[in-house]
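Structure first, then comments.
Chain naming here is simple, since letters A, B, ... match the order of the sequence lines and numbering starts at 1 in each. Just so it is clear, the values below take in all heavy atoms, side chains as well, and ignore hydrogens, waters and symmetry mates.
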Amino acid sequence: MLRIDQETHDAIVAHAKRDHPDEACGVVTGPEGADRAERFVPMVNAASSPTFYEFDSTDLLNLYREMDDRGEEPVVVYHSHTATEAYPSRTDIALAQEPNAHYVLVGTREHGNSPGPVEFRSYRVVDGEVTEEEVLVVPTREEPRSQP
Amino acid sequence: MAVEVRIPTILRTYTDGAKAVTGRGSTLSEVIEDLESNHPGIKERLVEAKDGRSDLRRFVNVYVNDEDVRFTGGLDTTVGEGDQVVVLPAVAGGDSSTTVAGGDSSTTVAGG
């Protein structure tokens, strides 16, 4: 199960809507081994494409260095599908290389940049095996540990 | 030349869980050969044959002292004593309906 707070959930959805029709991407990091999605980090889609996403190589290095310094790992890796359902594509499955991450897919095909509901689904992708999991959105609390 | 090589989570099965290992060589290619001798199987995850010669896999990023080696000579990039090599899998994917060259032909993906 993915447990995610309302504010982070909404930030991911807003990012997906903003970048529609291109795919949006990013991570939510958290303390290593704790499975707590705490720090929302939107990333630039270097591919600027409606059918592909890839973190920029320099951004990727900076992100992992920052996580290293903070003792964090990517707890959520999210991206959007803008024309099809929010289910991992064959490309997503082939390229999933964070075995500990929750892969979140946001589907924006219905309302695009406009307000309205989106699909928000989460998966584990390990060795080519996809397992969908429940998403539990919890109220955002004031948590001093998540402050910079 | 001894260099520190940072290993991503997905490849730590080859390094007994170590986040960093020592590699030796004067080029990235030599460092990877040295890694392979101590951690059999890891080379296959980093390198593939492309047009008859070895090249880094498309969705693996390697940095020497923070420089992406794609801009510094790829596998021929020189390394020096105390340099740091960072290996990071690309974070990529998408609802691509076109063929993505993401490995050898058996892992070519299409559809979605």
Output the option from A:Asp92, A:Asn62, A:Leu61, A:Asn45 having the highest count of non-hydrogen pairs under 4.5 Å with chain B.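 Heavy-atom pair counts peak at A:Leu61.
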I want to check something: taking the side chain as every heavy atom from C-beta on, are B:Asp66 and A:Arg65 in contact at a cut-off of under 4.5 Å?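 Touching, per the 4.5 Å side-chain cut-off.
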Which pair of non-hydrogen atoms, one from [X] and one from [Y], has the smallest distance, and what is that distance?
X	Y	answer
B:Ala92	A:Phe52	CB-CZ, 4.1 Å
A:Leu60	B:Ala90	CD2-CA, 4.3 Å
A:Ser89	B:Gly94	OG-O, 2.5 Å

Would the number of heavy atoms belonging to other residues, nucleotides or ligands and lying under 6.0 Å from [atom1] of [X] be above 12?
X	atom1	value
A:Arg124	CZ	yes
A:Glu110	CD	no
A:Glu132	CD	yes
A:Asp127	CG	no
A:Glu7	CD	no

Polar contact flag, side-chain donor to acceptor under 3.5 angstrom, A:Ser57-B:Asn61: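 No, because no side-chain N or O of A:Ser57 sits under 3.5 Å from a partner of the opposite role on B:Asn61.
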Give, as side chain, backbone, both or neither, the part of A:Tyr53 having an atom under 4.5 angstrom from any heavy atom of chain B.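 Both parts, backbone and side chain.
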Heavy-atom contact with chain B under 4.5 Å, split by part of A:Asp68: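 For A:Asp68, side-chain heavy atoms alone lie under 4.5 Å from chain B.
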To the nearest 0.5 Å, tell me how far A:Gln97 CD sits from B:Ile10 CD1.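 These two atoms lie 5.0 Å from each other.
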To the nearest 0.5 Å, what is the distance between CZ (B:Phe59) and CG (A:Leu95)?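 Here the rounded value is 5.0 Å.
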Look at the side-chain heavy atoms of Ile, Leu, Val, Met, Phe, Trp and Tyr, link any pair under 4.5 Å apart, and say whether A:Phe40 and A:Val27 land in one connected group.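 No, A:Phe40 and A:Val27 fall in different hydrophobic clusters.
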Check for me, please, whether B:Val60 and B:Ile32 land in the same ILVMFWY cluster - side-chain distances under 4.5 Å, paths through other members count.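 Result: yes, single cluster for both.
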Taking only residues at least two apart or on different chains, which pairs with a member in residues 94-116 of chain A satisfy ring pair (Phe, Tyr, Trp, His ring centres under 6.0 Å)?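 Matches after skipping sequence neighbours: none remain.
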Region of B:Val86 in contact with chain A, defined by heavy-atom distances below 4.5 Å: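 The side chain, not the backbone.
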Answer with side chain, backbone, both or neither: which region of B:Arg6 has an atom nearer than 4.5 Å to a non-hydrogen atom of chain A?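 Just the side chain, heavy atoms under 4.5 Å.
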